[in-house]
Amino acid sequence: MSSILDQDIKYIAGVGPSRQQMLNKELGIMSVGDLIEYYPYKYVDRSKVYTINELTTDMPFVQIRGRILSYETFDMGIKKKRLVAHFSDGTGVIDLVWFSGVQYIIKSYKVNREYIVFGRPGIFNNRFQISHPDIDDVNSMTLDDMGLQPHYHTTEKMKKAGMTSRSIERIMKGMLQKLPPLRETLPDFIVRKHHFISRDEAIRCIHYPHNQYEMQHARERLKFEELFYVQLNIVRYVANNRKKYKGYLMPKVGTAFHEFYHNNLPFELTGAQKRVMHEIQKDMNTGRQMNRLIQGDVGSGKTLVALMAMLIAVDNGFQAVMMAPTEILAEQHLATIQEFMKGMDVRVELLTGIVKGKKRTEILDGLANGDVKILVGTHAVIEDTVVFGNLGIAVIDEQHRFGVAQRAKLWGKNDNPPHILVMTATPIPRTLAMTLYGDLDVSVIDELPPGRKPIQTLHKYDNQKTSLYEGIRREVAKGRQVYVVYPLIKESEKMDLQNLEDGFRDLQEVFPTYKMSKVHGKMKSAEKEAEMQAFVRGETQMLVATTVIEVGVNVPNASVMVIMEAQRFGLSQLHQLRGRVGRGADQSYCILVSGYEISSETRKRLDIMCQTNDGFRIAEADLKLRGPGDLEGTQQSGMAFDLKIANIATDGQLVQMARDEAQEIIARDPDCNLPEHAILWNRLAELRKSSIDWGAIS
Ligand code: ADP
Ligand code: MG
C-alpha cells in the first residue's frame, strides 16, 4: 500500500539533492514517514519577546524584536572575519555576531527591516551579544512560531554544511502544512480508553506544540504507541509459539534428582530458590515449552537451581545442556556440577572450542546416542555438528545476552523445542526485562544464602594508596586472597596493558613476599589458565588482572576486590566484579580506586556502589544514569530497541500499560482475526517490514 508517507523526501519543498543526501546518510531519513517520526529532543519557549533592557546574563534563550542599525566587519587573522550587526529595539542596542557565512548574512538580513532574533545572550566588551542567532522576518513569523520551538538533533557534518535544527524545523513545518490528515494507527477503543489524542494531532503537535499541555499529550500518545507495538509483537510471538510447539512433559522427579537432593546437596535451599524451583517444575509439567528467565543477584544460587532443573530432565529420559559465555566459566560450571554430583551415575561432559579430535568425537557420539546426559559448554554447543539424542532442556548462563535468534537455534535441537532457562548475570530492571526478555517468564531469586556478610565497599583516591595497602596486608595476614582489577578497553588497549604491567610491578615492590598471579586478555589461553588456577588453588595471594575475571571464577577465600580506575567501569560491571568476593563466610571488602577529578555522574555511580549491595537497585540506577541504549546487550537483543521517543528507563509505567494492553488483546483475539483489531495487525506488519530489528522475531 503506497501512501504519501512512502514518498521520497526529495519531493519535499526545501529539500534539494544535497539536503536529501544529508538526511539520508546522517539521519537515515528517506521518506516522508521517516521525517515525521524524527521527533524533537527538546523545546524552547518562544512565546515571550523580551526587550533589550530586560536582558540578563543568566537567561538561557531569548527572543527580541527590532532592527539592524548597521554592519561592521573585523579581520581576525588571514581570511577570518568577524561580522557584527548592531541591533536595536529602541530600549537598547545589542550585537549580533557571526564568525562564518559573512557574505550570506549581509545579503540575507537587511538594515532597517524588522526581525525577530533568537539566541543565547552573552556579554562581550560590556555589551550584550548573541552569536549565530536565529533570525526571522517579522512578517514570516506566524502566531504558531511563537509557541514552543522544537529542537532536532543534527550531526557534526550537518552543522558544518549549515544544516541546523532550524533547517529541519523549517522543512518539517512546510511539509506538515501540506500533509493530508494522517491515518489513525491505534484502534478506537484504545484511543478512547486512555484518552489519547489522534495520531494526526499527535504528529503535528509533537513538532509544533502551542504549549506544554499539547506537547505532553503528543508525547504520551506517541510513546505509548511505540511501546505498545513492541509489546504486541512480543506477546503475539509468544502466543504463536505456544500454538505451534508442544513442550516436553517431565512429570517425574526421580533418582538423579533425589540422589542429588538428599545425598549431595550440602545445604538447605533458600526460600527463594525453592519458590523458583517450584515455578520451573510446574512449567516443565504443563505440556508447554518453558521459556523462563531466572533473575538473581551474583551468588544468589542460580546455577544450583538450573542444575536441579537439568536433573529433572535427566530423570524423565532427556538430556540437558548448559551454555556459558566463556571457556573459563564453562569449565567452572563443569567443576561445580561434578562436585555436586559426586558418586552419581550420570555422564557429564564439557564441550568448548578447544575440545578437539578424539575427545570431541567421543562426546559427539555420546550426545547422539543419549549416553551423555548433561553437557556443559560455550557457544560450541549450538553448532550444527552437535546433535543430541533427546535434548530436553537448555540452560543459558548469560553474560552477553543472546538474542532471540540465537536462542531459537537451541530450539531446533530436538523435534519439539527443549525447555529454555536463561540466567542473567546481573539483575535487570523489570521494565527493561519486559522488553529485552519480553518473550520469557521471569523468576526472581531475591534472597542470598544465609550467613553471607554484606560486602563493605569503599571509595579511595589514588593518593590514598597507603591505607589501601594496609588493608590488603591485614587481610592477607589472615590468610585471605586479593583481586586487583585494571580496566581494559579495546580503544586504549596498549595503554591499559601498560597500566596493568606497571601496577603489577608496583604491587610486587610494595608486597615483596607475596606470590602473585597475573591475567590479561592478551595472554595465551593455557598461560592464563595456569595463572588463574594458581590463584584458585590458593597458591598465590594476589590476582592482578584486567576484566577477564569479570565472569566466572569462584574463590571463596578471596576477601578483597580492588578495582583500579573505577571511574572507567559501568555500574553493572562494578557490581559484577564485586560479586567475586563475599562468597565465603568472612567479611569481604571492595575498594574502588579513582583519580581525584571525576565527573558528577561518576561520583554518583561510585556512591551508589558504596551505599548498596542490592543488584536490583544498582540496575535501576544504571538504567537511569546511562539510558537503555548503552546497556550491555540491548543491541544484540533482537527485540525492537530502536525507540524513537519512548525511554525504557523513565517510561516504566507506560511499558507496563503497553504490555497489559497487548496481553489483553491477544487473550481476546488469539488468532488475530477480530475485525476491530485489523488495524493492529496491519500496523504491526507495516512496522515489521520497515525495520530490521523487528524481523528478529518471526
Ligand atoms: P549465582 O550463579 O547466582 O551467582 P551460584 O549458584 O554460583 O550463584 O552460587 C553461589 C555460591 O553459593 C556457590 O558456592 C553455591 O554453592 C552457594 N550456594 C547456592 N545456594 C546456596 C544455599 N541455599 N545455601 C548455601 N550456599 C548456597
Ligand atoms: Mg553463577
Side-chain angles (χ1 to χ4, degrees), residues 257 260-280 292-311 320 322-326 328-342 344 348 374 376 394-401 421-428 433 437 442-455 481 483 535-538 549-559 561 572-586 588 590 613-616 618-619:
F257 186 90
F260 162 79
Y261 196 80
H262 297 292
N263 303 342
N264 288 14
L265 185 61
F267 38 69
E268 180 74 9
L269 293 181
T270 63
Q273 281 173 318
K274 283 182 188 161
R275 191 187 67 238
V276 171
M277 203 47 228
H278 280 300
E279 288 167 357
I280 291 171
R292 188 167 283 280
L293 173 74
I294 307 186
Q295 280 224 62
D297 223 329
V298 236
S300 61
K302 299 182 289 285
T303 313
L304 196 67
V305 169
L307 173 61
M308 290 189 284
M310 295 198 291
L311 291 174
M322 179 184 274
M323 184 157 72
T326 64
I328 290 176
L329 196 57
E331 282 165 24
Q332 200 147 56
H333 277 322
L334 178 80
T336 307
I337 289 172
Q338 281 174 333
E339 177 67 29
F340 273 128
M341 292 179 61
K342 249 194 192 137
M344 290 171 58
V348 182
I374 295 180
V376 180
V395 176
I396 305 171
D397 187 6
E398 291 194 305
Q399 173 65 19
H400 314 291
R401 295 163 189 155
L421 203 54
V422 180
M423 302 190 281
T424 54
T426 40
I428 39 177
Y437 291 108
V442 180
S443 288
V444 180
I445 305 185
D446 48 6
E447 186 184 348
L448 291 180
R452 299 260 174 87
K453 285 206 182 66
I455 302 160
Q481 289 163 282
Y483 293 104
F535 187 72
V536 172
R537 282 196 299 264
I549 63 158
E550 189 183 339
V551 273
V553 293
N554 187 22
V555 183
N557 187 48
S559 64
M561 167 63 66
S572 63
Q573 235 180 341
L574 290 172
H575 181 62
Q576 186 71 17
L577 281 169
R578 178 168 63 181
R580 298 301 111 209
V581 296
R583 304 197 143 225
D586 301 284
S588 290
C590 174
N613 278 300
D614 180 343
F616 285 94
I618 288 171

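Atoms within a ligand are numbered from 1 in the order they appear, just like the ligands themselves.
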Chemist: Please answer whether the main-chain N or O of Pro427 pairs with a side-chain N or O of Thr424 as donor and acceptor at a distance below 3.5 Å.
Modeler: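 It does not hold such a pair.
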Chemist: If I take atom CG from residue Leu293 and atom CG from residue Leu421, how far apart are they, to the nearest 0.5 angstrom?
Modeler: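 Going from the CG atom of Leu293 to the CG atom of Leu421 covers 8.5 Å.
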Chemist: Before you tell me yes or no, could you show the steps for Met423 and Ile396 under side-chain contact (heavy atoms from CB on, under 4.5 Å), namely the whole-Å CA-CA distance, both residues' side-chain angles and the distance that decides it to 0.1 Å?
Modeler: CA-CA 6 Å; Met423 302 190 281; Ile396 305 171; over 6 Å; no
Chemist: Testing the 3.5 Å rule here: is there a donor-acceptor pair between the side chains of Asn613 and His575?
Modeler: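 No, no side-chain donor-acceptor contact under 3.5 Å.
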Chemist: At a non-hydrogen distance cut-off of under 4.0 Å, which region of Val305 contacts ligand 1 (side chain, backbone, both, or neither)?
Modeler: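 Val305 to ligand 1: no contact under 4.0 Å from either part.
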Chemist: Between Lys274 and Glu268, does any NZ, NE, NH1 or NH2 come within less than 4.0 Å of an OD or OE carboxylate oxygen?
Modeler: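 Lys274 and Glu268: salt-bridged.
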Chemist: Taking 4.0 angstrom as the limit and counting only heavy atoms of Leu304, give me the atoms of ligand 1 inside it, by number and element.
Modeler: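 So the atoms of ligand 1 that pass are 6 (O), 20 (N).
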Chemist: Would you check if Ile280 and Val305 make a side-chain contact, meaning some heavy-atom pair closer than 4.5 Å?
Modeler: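 Result yes, sub-4.5 Å side-chain heavy-atom pair found.
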Chemist: Which atoms of ligand 1 have any heavy atom of Asp297 under 4.0 Å away?
Modeler: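 Under 4.0 Å from Asp297, ligand 1 has these atoms: 3 (O).
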Chemist: Below 4.0 angstrom from a heavy atom of Val298, which ligand 1 atoms are there? Numbered from 1 as shown, please.
Modeler: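 Counting from 1, the qualifying ligand atoms are 4 (O).
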Chemist: Report, in ascending order of atom number, the atoms of ligand 1 lying under 4.0 Å from any heavy atom of Phe340.
Modeler: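 Ligand 1 atoms under the 4.0 Å threshold to Phe340: 16 (O).
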Chemist: May I ask whether Arg452 places a heavy atom under 4.0 Å from ligand 1?
Modeler: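 Yes, Arg452 has heavy atoms under 4.0 Å from ligand 1.
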Chemist: Which of the numbered atoms in ligand 1 are under 4.0 angstrom from any heavy atom belonging to Lys302?
Modeler: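 Under 4.0 Å from Lys302, ligand 1 has these atoms: 1 (P), 2 (O), 3 (O), 4 (O), 6 (O), 8 (O).
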Chemist: For Phe340 and Phe260, take the angle between the two ring planes, folded into 0 to 90°, and tell me which bin it lands in: parallel under 30, tilted 30 to 60, perpendicular over 60.
Modeler: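 Plane angle over 60°, so perpendicular.
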Chemist: Please work out, at 4.0 Å between heavy atoms, whether the side chain, the backbone, both, or neither of Gln332 comes within that distance of ligand 1.
Modeler: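 Neither; nothing of Gln332 gets under 4.0 Å from ligand 1.
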Chemist: Can you tell which part of Leu269 has a heavy atom less than 4.0 Å from ligand 1: side chain, backbone, both or neither?
Modeler: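 Only the backbone of Leu269 comes within reach of ligand 1.
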Chemist: With atoms numbered from 1 as shown, which atoms in ligand 1 lie under 4.0 angstrom from a non-hydrogen atom of Glu268?
Modeler: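 So the atoms of ligand 1 that pass are 22 (C), 23 (N), 24 (N).
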Chemist: Nearest heavy atom to atom 1 (P) of ligand 1: which of Pro266, Gly299, Ala272, Ala306 does it belong to?
Modeler: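 Checking each option, the heavy atom nearest atom 1 (P) of ligand 1 is found in Gly299.
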Chemist: Whether the Glu339 and Thr336 side chains hold a donor-acceptor pair (N or O, under 3.5 Å, no angle test) is what I'd like checked.
Modeler: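 Per modelled atom types, Glu339 and Thr336 side chains form no pair under 3.5 Å.
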Chemist: Measuring only between side-chain heavy atoms, which start at C-beta, is Ile294 closer than 4.5 Å to Ile445?
Modeler: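 A side-chain contact under 4.5 Å exists here.
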Chemist: Heavy-atom distance to atom 2 (O) of ligand 1: which of Ile294, Thr303, Thr270 wins?
Modeler: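 Of the listed residues, Thr303 has the closest heavy atom.
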Chemist: Any idea which part of Gln273 is under 4.0 Å from ligand 1, heavy-atom wise: side chain, backbone, both or neither?
Modeler: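 Near ligand 1, Gln273 shows its side chain, while the N, CA, C and O stay back.
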Chemist: Taking only non-hydrogen atoms of Ser300, do any sit less than 4.0 angstrom from ligand 1?
Modeler: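 Yes, Ser300 has a heavy atom closer than 4.0 Å to ligand 1.
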Chemist: Using the rule side chain to side chain donor-acceptor pair (under 3.5 Å), only one of Arg292, Gln295, Arg275 pairs with Ser443; which is it?
Modeler: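 The residue from Arg292, Gln295, Arg275 that satisfies side chain to side chain donor-acceptor pair (under 3.5 Å) with Ser443 turns out to be Arg292.
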Chemist: Pro449 versus ligand 1: do any nitrogen or oxygen atoms come within less than 3.5 Å of each other?
Modeler: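 For ligand 1, there is no N or O atom that lies under 3.5 Å from one belonging to Pro449.
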